[in-house]
Amino acid sequence: MVFAREDEVDYDRKSEVQAFDETKSGVKGLVDAGVTKIPRIFIHPQCSLERNPNSSKRQFSFPVIDLQDIHTNPGRRKEIVDKVRDASETLGFFNVINHGIPENKSLEMIEGVRRFFEQATAAKKQWYTRDITKTVVHNSNFDLLTSPAANWRDSFYAIMAPDVPSPDELPQACRHHQSAQDIHYQKGILENRSSNFGYKGSAELTFPIIDLDGTHTNPTKRREIVDKVRDASETWGFFQVVNHGIPNSVLEEMIQGTRRFFEEDDEVKMQLYTRDLTKKVIYNSNFDLYSSPAANWRDSMLCVMAPNTPSPDELPQACREILMEYSKEVMNLGCLLFELLSEGLGLHPSYLKDIDCTEGLSVIFNYYPECPQPELTIGTTNHSDNDFITVLLQDQLGGLQVMHQNQWIDVPPTPGALVINIGDLLQLISNDKYKSVEHRVLANRVGPRISVASFFFTGPLPTGKIYGPIKDILTDKNPPRYRETTVKEYHDHFCGKGLDGTSSLSHFKL
Ligand SMILES: O=C(O)CCC(=O)C(=O)O
Ligand SMILES: [Fe+2]
């Protein structure tokens, strides 16, 4: 359809409004169709667009009210009431912090809205209506037919009270917050459908989170942190770290860069689609497609970042700059983690680095699209990683689970945190002191889930270095449990077998 542009004088506003409404694809539809000039129905009288009609030089600071302790401290409550009253009387607006809504829920709400608007128009259209008696109303400009000029926005609203709608009355894209409870619920379904998934019921266990603040500056703190890292590596094989030194903006941009890559046109991605493991950039779906018993509901891209860091133009354009920056940061963090892990084994801090645990770094980007039948498949089959350690960045959707005390435990998405896990090769060289633990990712009706897993190991590269249980920690009571191997031999065995739910370590057991 053709819309009148701003410079066209005579036009039939009513029929244009109607034509726009009939597309049911909103302002987003116009942008998707590539408009470069806005249709006339969106042009407002200049006087209503003045940026600051009574411009004054006064610096205004917008009120921010801290609700901390409002329920527990009567003195604080009185102060807060005063601030709320003042702001309400003067500006009529204020921000609140410490309001009790967890940050991950707010972020996921924003993501859910994005998912709703960015789904295919055909899927959104079912909600497009001007019938305001409906529980969910999606349209562009609720007042399109009556206002003098349209607004550059699309909306949907859902009436959530007094009658709370059932989840299936709400758009799938943002119906659930993927809280631990939702995932447990989903696990219950998996359990009912297939015993292969082996879920044993919900657990009260909380996933370890370690604050790295002070590692470099405070020796007492460092000792405490080493203890925590050792305990978590011995019992869970997994932990999250915060205050790890990588700025939030870098983490967020890495997730966005991953999304940009996977959401690019097929022709662009296709150029990188390969099963040739000697390449530095490998994009495909299911690295083990030909060897595993069932495929996973995910696509991945691998970039080998060390040794021999690629030049930026060897990397996909959608995420090249952020990947260079992110992998440098991850390498620094990895060096710190290997120090802490060395100390946890009673070894010199540089021990694991000196035997080249930080020589190789492969970054794997995972994209788990929404799945129409998540009860029949899985995002990533249960497996343990075939490296020394993995540093995992996950978005806010959730779905990663770790096997702990015979139960699947959710790894809660924590804004700003990174998930660290011990890989098979570190279990092998630590002679089973540190555990490489099984984990998996559930498929989900909501998507995409995005994760970036950085593997410390040299993968298929023939380095010739031999790894066996570290001699310095062996004793008569702690004899070697594994034969020596190379990273390449281990990697080839792992990939040859594919993700089939069994461990590769047993193959190397003495
Ligand atoms: O996507 C995730 O959270 C985990 C992926 C994973 O386990 C892996 O790539 O080895
Ligand atoms: Fe993994």
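One-based numbering, in listed order, for ligands and for the atoms of each.
A salt bridge (charged side-chain N to carboxylate O under 4.0 Å, His left out) check over residues 454-468, counting only residues at least two apart or in different chains, returns the pairs Asp356-Lys465, Glu359-Lys465.
For ligand 1, residues of the protein lying within 4.0 angstrom by heavy-atom distance are Arg298, Asn366, Tyr368, His383, Asp385, Leu392, Leu400, His439, Val441, Arg449, Ser451, Phe455.
In terms of the salt bridge (Lys or Arg N to Asp or Glu O under 4.0 Å) criterion, Asp313 has no residue partners (sequence neighbours excluded).
Aromatic ring orientation, Phe117 versus His138: perpendicular (interplanar angle above 60°, classes split at 30° and 60°).
Residues Thr381 and Arg440 have side chains not in contact (no heavy-atom distance under 4.5 Å, counting atoms from C-beta outward). With contacts defined as side-chain heavy-atom distances shorter than 4.5 Å, the pair Pro448/Phe262 does not qualify.
A salt bridge does not link Arg114 with Glu263: every distance from a Lys NZ or Arg NE/NH1/NH2 to an Asp or Glu carboxylate oxygen is 4.0 Å or more. Here Glu111 pairs with Arg259 in a salt bridge; the nearest charged N to carboxylate O distance falls below 4.0 Å. The residues Asp227 and Arg223 are annotated as not salt-bridged, no charged nitrogen and carboxylate oxygen being separated by less than 4.0 angstrom. Using a 4.0 Å cut-off between charged nitrogen and carboxylate oxygen, Arg445 and Glu370 do not count as a salt-bridge pair.
Note on the Fe ion (ligand 2): protein N/O/S atoms under 2.8 Å are His383 NE2, Asp385 OD1, His439 NE2.
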